Visitor: 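The structure follows.
Note that the structure is predicted; figures quoted are calculated from it, not measured. Residue numbers start at 1 and run along the sequence shown.
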Amino acid sequence: MTGQSAVDVLICGAGAAGLTLAIDLARRGVSFRLIEKRDKPFHGSRGKGIQPRTLEIFEDLGVLDRIAAAGGPYPRQRHYHDDGGHSDSEIMEQQAPIPAEPYRTPLMLPQFLTESILRDRLAELGHRPEFGSELVGFEQDEAGVAVRIVGVAGEENVRVRWLVGADGGRSFVRQALELGFPGRTLGVRAIVADVALAGLSRDIWHRFGDKDMQRQIALCPLAGTDLFQIQGPVPLDGEVDLSAEGLNTMVAQRTGRNDIHVISVSWASAYGMNARLADRYRVGRVVLVGDAAHTHPPTGGQGLNTSVQDTYNLGWKLAAVLGGARDRLLDTYEEERRPVAASMLGLATKLLDDLKRGEIQRGRETQQLDIGYPKSSLAIGRPTRDGGVLAGDRAPDAPVRGAAGQSMRLFDLFRGPHWTLLAYEANRAALPPRCGLHIHHIGEGGDIVDHAGHVGDIYALRPGDWVLVRPDGYVAAILASAEMAVLQRYLEEVGLGRPEQAQP
């Protein structure tokens, strides 16, 4: 293959994962195209839970307030008993925010609304998905990828430097790479349908037939809409009538009530549940993200969130390599994210087993705040640290003040595509400025004031410590002033350049 690349990155698939990556690349000034073989946006609710860690990512990407305004909290659930009674309970643990964790409760927002907000954000950055454009073939060499795209104007041949497959569980990209997708079929088939419905209150998630996979059905009011989502297991074989009439029959049979009426169906699907994980996430200049790399049961609201976090991990690494960092930096994407997906598949499968027994409650394990990369080759720190935050951990938030007295948070300092270095009562002049690195001095004479002591306590810092935070909000390193040479080498390895290359 020869020829100049048309863009740096081609993203195949404009769902939540592809849109998140596109936003991240756009704010970094990376050239890309985002294609989607569907003629129009997906319009179903499918992934409706947004976990606290994803809310933090959406804050960084500039969409959190819109997400919160469009969605709402999970309602209490009502279990209807065969004797005619019922009992109410919380689905999610209700936890108040703390300084380190400003978001501790999941938010409900149907997937089609989440993706609409992400598309609006992408448009603000000057880009739009190309609907009706399908990737039909590609070949790669050491310098790039030649791709064939079929769109409304016919077929085109384009050369790109990197190809990202964000094209779902039946990924064309993964299949073209001939990658294994081992796992298992879970022996459960279910329906999910977004419907206009009468006869039920909208302040409760209604559940019938718990513990009975033949009768179980749930009707959940979808935040941000006038719709309900119907969920329920169905036989493994045979056609399922997903029309309003068919769903009315199913609802009446499983609830034993004739006062619940499905008026119309906005979207519906019957699907078999699987748990599968791709053998590899990267082959040369082609990378997989989201459901293209892992597929799972929907229990626990992990899928969309894991997919968003895949691309949040990948975006800054792609940009760094395109900017001159060593190609091996991209190896850490699979190194860090594949074990997370493996763990998520185990959790979602366990929660599916719980659901079969009628156990619905969700705890901290689903919130993804404790996900980290402590064994990553990108995590360096003092092995003697025995408390507080460690390299590879999610970087906690904390309230601080600017030197001028304004109230701030650490997340305000982290927000954006840059790296952040916190000098805790250390000599900021010990490290010259570098392009892409924001340095803040916390302490006397510094630009940031730890007025309540939260930073020092949460991170367990000692005077002279340096905390390096990655663009995706994870701690890369915690080092003492005597280890500045280690920090200097690390910064060069991740593409931040030598001090003399930095802009004043």
Visitor: With side chain to side chain contact (heavy atoms under 4.5 Å, CB included) as the test, pick out the partner of Val9 among Leu322, Val160, Leu163.
Guide: Leu322

Visitor: What pairs with Val321 under side-chain contact (heavy atoms from CB on, under 4.5 Å), at least two apart in sequence or on another chain?
Guide: Trp162, Asp327, Leu329, Leu330

Visitor: Got a donor-acceptor contact below 3.5 angstrom from the Asp447 side chain to the His440 backbone?
Guide: no

Visitor: Any chance you could measure Asp472, atom CG, to Ile57, atom CD1, to the nearest 0.5 Å?
Guide: 8.0 Å

Visitor: My understanding is that only residues two or more places apart in sequence, or in another chain, count here; which of them pass ring-ring contact (aromatic ring centres under 6.0 Å, His included) with Tyr373?
Guide: Tyr474

Visitor: As a quick check of understanding, evaluate side chain to side chain contact (heavy atoms under 4.5 Å, CB included) for Met408 and Arg401, giving each step before the final call.
Guide: CA-CA 5 Å; Met408 304 173 65; Arg401 287 181 184 159; over 6 Å; no

Visitor: Among residues at least two apart in sequence or on other chains, which ones pass salt bridge (charged side-chain N to carboxylate O under 4.0 Å, His left out) with Asp412?
Guide: Arg415

Visitor: Can you name the residues that form a ring-ring contact (aromatic ring centres under 6.0 Å, His included) with Tyr271, not counting sequence neighbours?
Guide: none

Visitor: Salt bridge check: are Glu124 and Arg66 linked by an N-O gap of less than 4.0 Å?
Guide: yes

Visitor: About how many Å separate CD1 of Ile371 and CG of Asn313, when rounded to the nearest 0.5 Å?
Guide: 11.0 Å

Visitor: Taking only residues two or more places apart in sequence or in another chain, which ones pass side chain to side chain donor-acceptor pair (under 3.5 Å) with Thr295?
Guide: none

Visitor: For Tyr490, give me all partners under ring-ring contact (aromatic ring centres under 6.0 Å, His included), at least two apart in sequence or on another chain.
Guide: none

Visitor: Side chains of Lys48 and Gln229: any donor to acceptor distance under 3.5 Å?
Guide: yes

Visitor: Which value, rounded to the nearest 0.5 Å, describes the distance between Asp450 atom CG and Tyr459 atom OH?
Guide: 11.0 Å

Visitor: Taking salt bridge (charged side-chain N to carboxylate O under 4.0 Å, His left out) as the definition, give me every residue that meets it alongside Arg174, ordered by chain and number, with sequence neighbours left out.
Guide: none

Visitor: For residues 14-32, which side-chain donor-acceptor pairs fall under 3.5 Å, sequence neighbours excluded?
Guide:
{"from": "Thr20", "atom 1": "OG1", "to": "Ala16", "atom 2": "O", "distance (Å)": "2.8"}
{"from": "Asp24", "atom 1": "OD1", "to": "Arg27", "atom 2": "NE", "distance (Å)": "2.8"}
{"from": "Asp24", "atom 1": "OD1", "to": "Arg27", "atom 2": "NH2", "distance (Å)": "3.1"}
{"from": "Asp24", "atom 1": "OD1", "to": "Arg28", "atom 2": "NE", "distance (Å)": "3.1"}
{"from": "Asp24", "atom 1": "OD1", "to": "Arg28", "atom 2": "NH2", "distance (Å)": "3.4"}
{"from": "Arg27", "atom 1": "NH1", "to": "Asp60", "atom 2": "O", "distance (Å)": "3.3"}
{"from": "Arg27", "atom 1": "NH1", "to": "Asp60", "atom 2": "OD1", "distance (Å)": "3.4"}
{"from": "Arg27", "atom 1": "NH1", "to": "Asp60", "atom 2": "OD2", "distance (Å)": "3.3"}
{"from": "Arg27", "atom 1": "NH2", "to": "Asp60", "atom 2": "OD2", "distance (Å)": "2.8"}
{"from": "Arg28", "atom 1": "NH1", "to": "Pro417", "atom 2": "O", "distance (Å)": "2.8"}
{"from": "Ser31", "atom 1": "OG", "to": "Asp8", "atom 2": "N", "distance (Å)": "2.9"}
{"from": "Ser31", "atom 1": "OG", "to": "Asp8", "atom 2": "OD2", "distance (Å)": "3.2"}

Visitor: Filter on side-chain hydrogen bond (donor to acceptor under 3.5 Å, both in side chains), then keep only pairs touching residues 125-136, sequence neighbours left out; what's left?
Guide: Arg33-Glu130

Visitor: Does Phe228 have Arg202 sitting over its ring (NZ/CZ under 6.0 Å from centre, angle to axis within 45°)?
Guide: yes

Visitor: Looking at CZ of Arg285 and CD of Gln140, how far apart are the two atoms once the value is rounded to the nearest 0.5 Å?
Guide: 8.5 Å

Visitor: Using a strict threshold of under 4.0 Å (side-chain N to carboxylate O), is an ion pair present between Glu336 and Lys375?
Guide: no

Visitor: Rounded to the nearest 0.5 Å, what separates atom CZ in Arg161 from atom CG in Leu318?
Guide: 10.0 Å

Visitor: Please enumerate all residues that pass salt bridge (charged side-chain N to carboxylate O under 4.0 Å, His left out) together with Arg326, with sequence neighbours excluded.
Guide: Glu493

Visitor: As an exercise, state the distance from CG of Leu122 to CG of Leu34, rounded to the nearest 0.5 Å.
Guide: 6.5 Å

Visitor: For residues 318-338, which residue pairs pass the ring pair (Phe, Tyr, Trp, His ring centres under 6.0 Å) check, not counting sequence neighbours?
Guide: Tyr281-Tyr333

Visitor: Which residues pass the side chain to side chain donor-acceptor pair (under 3.5 Å) test with Asp226, not counting sequence neighbours?
Guide: none

Visitor: Is it true that Arg282 and Glu335 make a salt bridge, defined as a side-chain N closer than 4.0 Å to a carboxylate O?
Guide: no

Visitor: Do the side chains of Val455 and Val467 get nearer than 4.5 Å, heavy atoms only?
Guide: no

Visitor: Looking at Glu59, Glu56, Gln95, which hits side-chain hydrogen bond (donor to acceptor under 3.5 Å, both in side chains) with Tyr103?
Guide: Glu59

